[in-house]
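Notes follow the structure.
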Amino acid sequence: MLEISRIRNDYNAVVDGFLKRHLPADTIQLVDEVLQQDELRKTAQAELDQLLARRNQLSKEIGSLMQQGKREEAESMKQSVADIKTAAESLQDTMNSAKERIENILLQLPNVPQAIVPQGRTADDNELFRDWKGSLPAPGDKPVPHWELGKKYRLFDFELGVKITGSGFPLYRGKGAKLQRALIRFFLDKAIDAGYEEIIPPLLVNEDTARATGQLPDKEGQMYHCTVDNLYLIPTAEVPVTNIYRDVIVQESDFPIKLTGYTPCFRREAGSYGSDVKGLNRVHQFDKVEIVQFQHPDHSDKALLEMVEHVAGILDELGLPYRIVRLCGGDLGHTSSITYDFEVFSAAQQKWLEVSSVSNFETFQTNRMRLRFRNADGQNQLAHSLNGSALALARVVAALLENYQTSDGIEMPSVLIPYTGFERID
RNA sequence: GGAGAGUUGGCCGAGUGGUUUAAGGCGCACGUCUGGAAAGCGUGUUUCCCAAAAGGAUCAAGGGUUCGAAUCCCUUACUCUCCGCCA
C-alpha cells in the first residue's frame, strides 16, 4: 500500500509511474480522489479534535462542580456537552467514511515503478538484463520433454495426482522425490551460507497476514481459501515469512534482516490452460525456497542486486542455461517497484521458463505491515522489504531433466550429488 | 468439543466511574557522582493524526451507557488452565 504522504508530496512522480504501468485512466483518477478524501479527512479531524478538547475540558469542570456540591451549575453544563456530542458524531461519520474510502483506494493502487524500470506494455517489452552467453541445446538433438522422462524413469506421476487430488497436483516418487528433496536442501544451504536465517512457517495464514503482503484483496482468487476457518493456503513463503515483522519496530542496527524458508506453494491458477500448463510448467502445488530481506531504504537497491547474484550463482552451479529479464512497467506485479525474472531454457520445449522473480517492494509492503525502524533522528521510518525465489522447484526440475538427459539416463549436476546420493537417473 | 480464567506501555505489574495527567518496578537513554566503573541520585522513555505548537486518539478489536469509561453493558478475536480427543 502506498503511503498517502507520498501521493501528497510526489503527485507527479506517482501519476507518471502509473502511466508507465499503463493503468486505465479511471484508476489513475483515483489518485486525485484519494487526495480529495484526504483533505476532507484532515479538515474533519481538526474540527473534531477541537470539539473533543472542549468536551474534555467541560467534563473536568463538571466533575469538580459535582465534588463541590454545585449540582445546579453542573446540570446546566451538561446540556452544552450534549450539543458538542451531536456535532462530534456527525464529524466522526464524515471522517470515518473518508478514511474508509482512502483505505479502499490505496489498496487498489499499485507500487510506483523505479526510474530504471523499462517502458513497455507486455512481457514482450521486458528488457534483457543479462543474456545467456553459452550455446543452447538445439531442437535437432531431439530432447525428450520432462513429462515423458518422468514417466520413463518413474520420477513423478500426474495421473496419481489427479486420482488423489486433481490436475496440477503432481506426485513425486523414487529418485524423483529424492531429487526434489536434494534441491530443497541445496537451495536452503546456499541461502544459509549467504547469511539468511532459516524459517519453517505455517502454511495456512489468516486474513490479516494475506492482506499485509498484498495478496488480499489483489489476488484473492489465486489462493486456496479454507472458508470454515477463514484461512488461506500460502501461495509463497513470502507471505508468512514477511509477516514475522508485521507491527514491529526494529533498530537501524538490526539491518539487514535476512530470512529464508522452504515451503510448498499453493496456487489456484484459475483460468490457465494450454501448453503452458503441460507437465511441471504450471501446477497448483510446487516447492520453493524463498529469500526475504528487510533493509534500510538507502541500501535496498544494493540488496536487490545481491539477491539477483545469489540466484544467478545457484543457476551457474546447476549448470542450467538462464537469462535475466528486467520487467517493464506494464508487466510489473502490483506490489513491486522493480523486478528481475530468471528464466531457464527448456531443451525439449525450446522455450524459456520463469524460475525466479526477485523484487524490491520498497515501503509498499512495510507500510501495510507497519514495519518501521528508528532512524538516526529518532523518528520511526518504514523499512524496505525485498524477496525472491531461490528457487522454485518444479520448473527447475523440468529444465534439469531435459537438459541433462542422455540416450540412456539423466546425469546429475556435480553440486547435487552429495544431496541426491546418486550420480544419474536410469 | 466441554468448563473456567485472562488480555493494561519495550517487559513485569497496580488500577471497580472524576487529583489516572495510566501508580510502582525492571529495562533503556542522558546527566550527576567517580581516577574509571558499579551502586546511589536526577531527568527522560507507548504509538498514531496534524507542517508544527496547542490539541486529539490510543489500556485486545468494535459497538453501547454516561456530562465523563482502562473501569459498567453487549459482540468478536486471541491467550492460558483443566477435561475430552489426538500424531
Quickly work out the A:Q45 CD to B:rC49 P distance and round it to whole Å.
10 Å
Distance in angstrom units between A:R41 CZ and B:rC50 C1', rounded
8 Å
With P as the reference atom in both, quote the distance from B:rG68 to B:rU19 in angstrom, rounded to an integer.
15 Å
Between B:rC49, B:rG68, B:rA57, spot the one nearest the side chain of A:L52, thanks.
B:rA57
Watson-Crick or G-U wobble partner for B:rU16, using a 3.5 Å limit on both distances?
none
Whole-Å gap separating C1' (B:rC48) and CZ (A:R374):
13 Å
Nearest whole Å is fine: how far is B:rG56 C1' from A:R55 CZ?
10 Å
Go ahead and name the base partner of B:rC59; Watson-Crick or wobble counts if both distances stay under 3.5 Å, otherwise write none.
none
With both distances under 3.5 Å as the test, what is the Watson-Crick or G-U wobble partner of B:rG31?
B:rC41
Provide the distance between the two P atoms, one in B:rA14 and one in B:rA69, to the nearest whole Å.
24 Å
Protein-nucleotide distance (A:E89, atom CD; B:rC67, atom C1'), rounded to Å:
14 Å
Are the side chain of A:H296 and the backbone N or O of A:E252 linked by a donor-acceptor pair below 3.5 Å?
no
Taking atom P of B:rA77 as reference, at what distance in whole Å does atom CG of A:D208 sit?
13 Å
How are the rings of A:H225 and A:Y232 set to each other: parallel, tilted or perpendicular (split at 30° and 60°)?
parallel
A:K85 near the nucleic acid: base, sugar-phosphate alone, or nothing, with a heavy-atom cut-off under 4.0 Å?
base
Would you say the rings of A:F158 and A:F156 are close, in the sense that their centroids are separated by under 6.0 Å?
yes
Just name whichever nucleotide pairs with B:rA5, Watson-Crick or G-U, keeping both distances under 3.5 Å, else none.
B:rU79
Who pairs with B:rA87 - Watson-Crick or G-U, where each distance is under 3.5 Å
none
Round to a whole Å and report the spacing from NZ of A:K99 to C1' of B:rG62.
14 Å
Identify, between A:Q57 and A:K42, the residue whose nearest nucleotide on RNA chain B lies closer to the 5' end.
A:K42
Is the base of B:rG56 touched by the side chain of A:D49 through a donor-acceptor pair closer than 3.5 angstrom?
no
With nearest nucleotide decided by heavy atoms, which residue, A:N380 or A:R54, maps closer to the 5′ end of RNA chain B?
A:N380
Please name the nucleotide paired to B:rA69 by Watson-Crick or G-U wobble geometry with both distances under 3.5 Å, or report none.
none
May I ask you to check whether A:F294 and A:F255 place their ring centres under 6.0 Å from each other?
no
Watson-Crick or G-U wobble partner for B:rC11, using a 3.5 Å limit on both distances?
B:rG25
Taking CZ from A:R370 and C1' from B:rC49, how many angstroms apart are they, rounded to a whole number?
14 Å
Looking at CD of A:Q50 and CD of A:E47, how far apart are the two atoms once the value is rounded to the nearest 0.5 Å?
7.5 Å
Please confirm whether the shortest side-chain N or O distance from A:N56 to OP1 or OP2 of B:rC67 is below 4.0 Å.
no
A:V144 vs A:Q405 side-chain heavy atoms within contact, under 4.5 Å
yes
